[in-house]
Amino acid sequence: MEVVQVLHMNKGEGETSYAKNSKVQSKIISITKTVTEEAIIELLCKNLPESMGIADLGCSSGPNTLTVISEIIDIIYSKCSNLGCPTPELRICLNDLYSNDFNDVFGSLPAFYNKLKEEKGTDFGQCFITGVPGSFYGRLFPRKSMHFVHSSSSLHWLSQVPSGLDSKASTGINKGRIYISKTSPQSVLDSYMLQFQKDFSLFLKSRSNEIVPGGCMVLSFTGRKSMDPTSIESCHQWELLAQALMNMVSEGLVPEEKVDTFNAPYYGPCAEELELEVQKEGSFIMDRLEAFEIDWDGGVDMPNTINGTLSSGQRVAKAIRAVIESMLESHFGRDIMDDLFQRHADLVDKHLAKTRTKYTNLVIHLVRKG
């Protein structure tokens, strides 16, 4: 599976779209807003550039995309107003993989610019928003062109399925599972950890070339508090999805080898792993690292559908589907998706009836040395 080609959030405005099922990601953005605000204010107090480069990596599409940018602009505008100086020219780059729904993002820009002009007035500085398709596991921008980089709910995705675990492998070594689990061989855990180390190191190295000395990043993504990668907080959601698939295998609806050769290009790191990679790469100072929990369904109600109120399991399954359906569809085919996620929803409901498992999210503030 070529992650760069197949991974994208569900497009459009339909019932299974990311636009309709991204409440969890929206809440994460809201929770981490304070960290973002403090990082930008600290940056502006040190140096207020005439032209400021800003990037949102893994921007996706839908309402969250321009919400992030709007909040960043508001923080800059407010601080500049307090300082009694004009806002800098803003160069805002929205990045995601090539298959992201950039058309949706671009289509919403005229209304965004009009709202910006109404709220900030004609004296507000120039704001240029561009799309930059490509993987953030590599260079995206010219050298020393960025002052602030933001990424939310993206860096837990790996650049590829770990070596030896992809669908091209002759035999599946993580049988009956689609991610790390307590029954996975140690070699599976080692492969995932090594892929994360390679990817995050490359991410840091790429950004170190692009960010000016003293510039910074605020990154938030799904992780874990425990150093054990098989902990329930890290992998149980994937276990439930694997269980749904194996139930379909037992009914002859999915070939077993299809499950055995699918492994998610995902890794939820712990704080210690992040600190180690930042230290090893050496270009950034870790100014802040925090962990917080969030309910699987975001702890918020989603709008009722034509069929009535959704259960917690249905909300969780719809949110998961909006994110990973493109990958599952490329491997298992489109025909099983409705059945799969209904089974997944039922399993999530049964699990949540016993225990209220939460996601662990990590947020870090990194400052470029210089």
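Between the OG atom in S81 and the NZ atom in K120 there is a gap of 9.0 Å [rounded to 0.5 Å]. Interatomic distance, CD1 of I232 versus NZ of K182, reported as 8.5 Å (0.5 Å rounding). Once rounded to the nearest 0.5 Å, the distance linking CD of E42 with SG of C216 reads 7.0 Å. Distance check, rounded to the nearest 0.5 Å: OG of S60 to CG of L94 gives 11.0 Å. Taken to the nearest 0.5 Å, the CG atom of N209 stands 7.5 Å off from the OG atom of S283. Here L57 contributes atom CG and C93 contributes atom SG; the two are 9.5 Å apart, rounded to the nearest 0.5 Å.
By the criterion of side-chain heavy atoms lying less than 4.5 angstrom apart, applied directly or through intervening Ile, Leu, Val, Met, Phe, Trp or Tyr residues, I72 is grouped together with F124 in one hydrophobic cluster.
For the side-chain contact (heavy atoms from CB on, under 4.5 Å) test with I69, the passing option among T65, T67, I73 is I73; the others fail. Put simply, the residue from I173, N174, I180 that forms a side-chain contact (heavy atoms from CB on, under 4.5 Å) with N263 is N174.
Ion pair E210/K144 not flagged as a salt bridge, since none of the NZ, NE, NH1 or NH2 atoms sits closer than 4.0 Å to an Asp/Glu carboxylate oxygen. Using a 4.0 Å cut-off between charged side-chain N and carboxylate O, R334 and E325 make no salt bridge. Taking a cutoff of 4.0 Å between a charged side-chain nitrogen and a carboxylate oxygen, D338 and R343 do not qualify as a salt bridge. A salt bridge links E290 with R288: the closest approach of a Lys/Arg side-chain nitrogen to an acidic carboxylate oxygen falls below 4.0 angstrom. Salt-bridge formation is not detected for the pair E15/R321: no Lys NZ or Arg NE/NH1/NH2 atom is positioned less than 4.0 Å from an Asp or Glu carboxylate oxygen. Residues E37 and K79 are not paired through a salt bridge, judged by the lack of any N-O separation under 4.0 Å between the basic side chain and the carboxylate.
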May I have the step-by-step check of side chain to side chain contact (heavy atoms under 4.5 Å, CB included) for V323 and W157, ending in yes or no? CA-CA 11 Å; V323 173; W157 295 112; 3.5 Å; yes
How far apart are the C-alpha atoms of W238 and Y266, what are their side-chain angles, what is the distance that settles it, and do they pass the side chain to side chain contact (heavy atoms under 4.5 Å, CB included) test? CA-CA 10 Å; W238 294 103; Y266 168 96; 3.4 Å; yes
Chi angles and distances behind the side chain to side chain contact (heavy atoms under 4.5 Å, CB included) call for Q195, Q160: CA-CA 8 Å; Q195 189 63 51; Q160 65 178 59; 3.5 Å; yes
So S184 and L189, side chain to side chain contact (heavy atoms under 4.5 Å, CB included) or not? Walk me through it. CA-CA 7 Å; S184 296; L189 279 62; 3.9 Å; yes
Trace of the side chain to side chain donor-acceptor pair (under 3.5 Å) decision for S208 with R368: CA-CA 7 Å; S208 72; R368 178 71 170 91; 4.6 Å; no
Is there a ring-ring contact (aromatic ring centres under 6.0 Å, His included) between Y267 and Y179 once you walk through the steps? CA-CA 9 Å; Y267 188 77; Y179 182 57; 7.1 Å; no
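The shortest distance between side-chain heavy atoms of E233 and Y359 does not fall below 4.5 Å. Proximity of E50 to P88: side-chain heavy atoms (C-beta onward) are nowhere separated by under 4.5 Å. Residues L90 and F128 fail the side-chain proximity criterion, which asks for heavy atoms closer than 4.5 Å. Under the 4.5 Å side-chain criterion, counting only non-hydrogen atoms from C-beta, L241 is in contact with L340. The closest side-chain heavy-atom distance from D199 to L155 is not below 4.5 Å. Looking at L109 and L66, their side chains come closer than 4.5 Å, going by heavy atoms from C-beta outward. No side-chain heavy atom of S153 sits under 4.5 Å from any side-chain heavy atom of F221. Two residues are said to be in side-chain contact when any heavy atoms from C-beta on lie closer than 4.5 Å; R91 and I129 fail this criterion.
For the residue pair G215 and L43, the shortest heavy atom distance occurs at CA-CD1, 3.9 Å. Nearest heavy-atom pair across S226 and D228 is OG-N, 2.9 Å. When all heavy atoms of V348 and G313 are compared, the pair lying nearest together is CG1-CA, 3.7 Å.
A donor atom on one side chain and an acceptor atom on the other are found under 3.5 Å apart for T357 and H351. D349 and S311 share a side-chain donor-acceptor pair at under 3.5 Å.
Ring geometry, F341 versus H344: the interplanar angle exceeds 60°, so the pair is classed perpendicular (tilted spans 30 to 60°).
In the displayed structure, M227 atom CE is contacted under 6.0 Å by at most 12 heavy atoms of other residues, nucleotides or ligands.
The cationic atom of R207 (NZ for Lys, CZ for Arg) lies less than 6.0 Å from the six-membered ring centre of F203 and within 45° of the ring axis.
Side chain of H147 to main chain of G53: a donor-acceptor pair is present (N/O by atom type, distance under 3.5 Å, no hydrogens or angles).
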